[in-house]
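All chains are named by letter (A, B, ...) in the order of the sequence lines, taking the proteins before the strands, and each is independently numbered beginning at 1.
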2 protein chains.
Amino acid sequence: MERQSRTAANRDFSLLRSWLQSSKKVIPLRKHSFLFQEGMPANELYLILSGKVQVSKICPDGKEMCFRICGSGEIVGELTLFTDDPRYLLTAKVIEPGEAAVMNKNELEEQLLINPTLTLEYMRWISKHARRTQTKFRDLIMNGKKGALYSTLIRLCNSYGVPLEDGSIFIDLTLKNQDLANFCGTTRESVNRMLNALKQDGIISMKRGKITVHDLNYLKTEIQCEDCPPDICCIE
Amino acid sequence: MERQSRTAANRDFSLLRSWLQSSKKVIPLRKHSFLFQEGMPANELYLILSGKVQVSKICPDGKEMCFRICGSGEIVGELTLFTDDPRYLLTAKVIEPGEAAVMNKNELEEQLLINPTLTLEYMRWISKHARRTQTKFRDLIMNGKKGALYSTLIRLCNSYGVPLEDGSIFIDLTLKNQDLANFCGTTRESVNRMLNALKQDGIISMKRGKITVHDLNYLKTEIQCEDCPPDICCIE
DNA sequence: CAATCATTGTGAGTAGTGTCACAGCGTTTG
DNA sequence: CAAACGCTGTGACACTACTCACAATGATTG
């Protein structure tokens, strides 16, 4: 039930995931600890078994740009594979404690090269990633901060949304205004004002920090959404 | 001589490129024609042999978000490989006539799966792409439009820059203000004002539509550049 | 349960950016 | 060579978004 659409999307990469899962090494994810930080040499990648990890870019001036929030079944650190300079470009912070399976980067690279089925899955996966990122670009840059927020809400619906009987979508993820701001590249205050305006108009409502979107179409038309498939239009 | 740094970066993917080059089918690139447009079914990808192609996302309201400008030796259309919904998400417009080798998508997918060396090269290439895009995100979103422009100029230097004796970098590419605006997600007028301010301060100069950057460090410090390697910090 | 802390909510002022309108200038074209 | 065209340059103005300051609310803890 939880995170329906995302679960469906994940099914595609079962082989890759199950291979990762076979790893002997499992580590605990302690809240507020870092799985890795940008600049660190990247020798491993991780399959989240439980808990939640936030992947973001942290700027020298303290600002944070959030890319993904990964839950159970998701792979983190993948973009370090097959690179000359094996350093993490992003930071992965634990925001909900749990466990992760650890995979050696070199081992996985070897596996990927000798196992064609695995190769195919990996390529599919990384292509999808790239396509997601590209569509996100337009949304975050071309329609101002309002466009960025609306697009983020739509993506959150596709990634973590639970459809309700009345057609609304419940986003099953606790997000502070600041977190949303980090996703959009804007400020907490701006997010707050925009969210309140949306509440006022009945587009969304909030309960205990979680958002329900009542009128997804409003958000979509406002940003001239071209209805890209939900597995592309989501939080990476 | 031309496009030094980029040429060096390209050497890495010689196998992939030479395989593409072996294609029997070569098509002419006519100015202002489209190699492909977003939404079109994607069955082919292209190796530019000569001329220049601009890859961008075109919004319904006419705005354009430019991602890459590809010259001789570059591959276009790659992100359609290994996807369920094989449609182009972007548009490739010819801005300088020339020729391109055409490759069937399915054939290349097959090749990639049976030829491990080719696979490795492809994975390296697509990883690099993804890393580039990620670093670009921060620059375009986090430091306002000025940050977006400065970052674009830095990337142009890394992609098309020719170092001069006095340490300046000559960007060997004719770009209208509007083109730069499309790269940054801003307006022609804003770009114009910012460029003129940079000229005034001696940071850059222009001659016949081409920019020379005299003080790259100024641009870098202004956007808190973390000196990512030039093969990452460039126009895709 | 009072105190503390984290988060949300809001106003006022300011800097940044987009829009519109139009002048200037060089190139192309009939 | 005059007219048309495409691009650059610039001012005025409106609107967007950020900053700062602080009140209000809610959650946590000793």
Side-chain angles (χ1 to χ4, degrees), chain A residues 31-32 54 59 61-66 93 95-96 138-153 171 173-201 204-212 222-224, chain B residues 31-32 54 59 61-66 93 95-96 138-153 173-201 204-211 222-224:
Chain A
K31 194 160 183 175
H32 300 306
Q54 187 188 59
C59 302
D61 62 358
K63 283 187 213 159
E64 210 174 318
M65 167 102 241
C66 187
K93 186 167 64 182
I95 56 171
E96 203 177 279
R138 189 204 73 138
D139 294 344
L140 290 193
I141 295 169
M142 302 294 279
N143 288 310
K145 299 306 182 182
K146 192 174 277 190
L149 177 63
Y150 291 3
S151 153
T152 301
L153 289 174
I171 299 174
L173 196 62
T174 308
L175 288 169
K176 286 172 290 187
N177 287 346
Q178 185 64 65
D179 297 325
L180 278 170
N182 293 345
F183 265 112
C184 306
T186 180
T187 59
R188 178 188 69 78
E189 293 92 329
S190 292
V191 166
N192 186 274
R193 282 183 245 265
M194 289 188 278
L195 284 181
N196 286 335
L198 288 175
K199 278 184 220 166
Q200 214 110 59
D201 296 348
I204 67 167
S205 64
M206 295 187 66
K207 215 172 183 177
R208 259 171 292 115
K210 293 185 178 179
I211 299 174
T212 302
E222 280 293 300
I223 62 165
Q224 306 174 289
Chain B
K31 194 159 184 176
H32 300 307
Q54 187 187 61
C59 301
D61 61 358
K63 284 188 214 160
E64 208 173 319
M65 165 103 242
C66 187
K93 187 167 63 181
I95 55 171
E96 203 176 279
R138 188 203 74 137
D139 295 344
L140 289 193
I141 295 169
M142 301 293 280
N143 288 311
K145 298 307 181 181
K146 191 174 279 191
L149 177 63
Y150 291 5
S151 154
T152 302
L153 289 174
L173 196 61
T174 308
L175 288 168
K176 286 171 290 188
N177 288 346
Q178 185 64 63
D179 296 325
L180 278 169
N182 292 346
F183 265 112
C184 306
T186 182
T187 57
R188 179 188 69 78
E189 292 92 331
S190 291
V191 166
N192 187 275
R193 282 184 245 263
M194 289 188 278
L195 284 182
N196 285 336
L198 288 175
K199 276 184 222 167
Q200 213 112 59
D201 296 347
I204 65 167
S205 63
M206 295 187 66
K207 214 173 185 178
R208 260 172 292 114
K210 294 185 176 181
I211 300 174
E222 279 293 300
I223 63 165
Q224 307 175 289

Using atom [atom1] of [X] as one end and atom [atom2] of [N] as the other, report the distance to the nearest whole Å.
X      : N      : atom1 : atom2 : answer
B:I141 : D:dC18 : CD1   : P     : 12 Å
B:L149 : C:dT17 : CG    : P     : 11 Å
B:N143 : D:dT19 : CG    : C1'   : 16 Å
A:I211 : C:dT8  : CD1   : C1'   : 13 Å
B:K63  : C:dT17 : NZ    : C1'   : 12 Å
B:K146 : C:dG16 : NZ    : C1'   : 9 Å
A:E222 : D:dT16 : CD    : P     : 12 Å
B:L140 : C:dT17 : CG    : C1'   : 16 Å

[X] vs [Y] side-chain heavy atoms within contact, under 4.5 Å:
X      : Y      : value
A:D61  : B:M142 : no
A:L195 : A:L149 : yes
B:D179 : B:I95  : no

Original post:
Once each nucleotide of nucleotides 23-30 of chain D is scored for protein heavy atoms under 4.0 Å, what B/S/- sequence comes out, 5' to 3'?
Top reply: --------
**OP:** Can you check each nucleotide of nucleotides 9-14 of chain C against protein heavy atoms at under 4.0 Å and return B for base, S for sugar-phosphate only, - for none, in 5' to 3' order?
**Re:** BBBB--
**OP:** Give a yes or no on whether the backbone of B:N182 and the side-chain of B:K63 come within a donor-acceptor separation of less than 3.5 Å.
**Re:** no
Original post:
Hey, does the side chain of B:K176 reach the backbone of B:G209 with a donor-acceptor pair shorter than 3.5 angstrom?
Top reply: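 The answer is no, because no donor-acceptor pair under 3.5 Å joins these two groups.
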Subject >> Among C:dT19, C:dT8, C:dT17, the nucleotide that comes nearest once only the side chain of B:T187 is considered >> reply: C:dT19
Subject >> Between A:N196 and A:N192: side-chain donor-acceptor atoms closer than 3.5 Å >> reply: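 Checked: A:N196/A:N192 side chains pair up, N/O donor to acceptor below 3.5 Å.
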Original post:
Counting only side-chain N and O atoms of A:K145, is one of them less than 4.0 Å from OP1 or OP2 of D:dT16?
Top reply: no
Original post:
Between C:dG16 and B:S190, is there an OP1 or OP2 to side-chain N/O distance shorter than 4.0 Å?
Top reply: no
Original post:
Which atom pair, heavy atoms only, marks the closest approach of B:E64 to B:K93?
Top reply: OE2-NZ, 3.9 Å
Subject >> Distance-minimising heavy-atom pair for A:K199 and A:S205 >> reply: CG-CA, 4.5 Å
Subject >> Contacts of B:R188 that satisfy side-chain contact (heavy atoms from CB on, under 4.5 Å) - sequence neighbours left out >> reply: B:N177, B:Q178
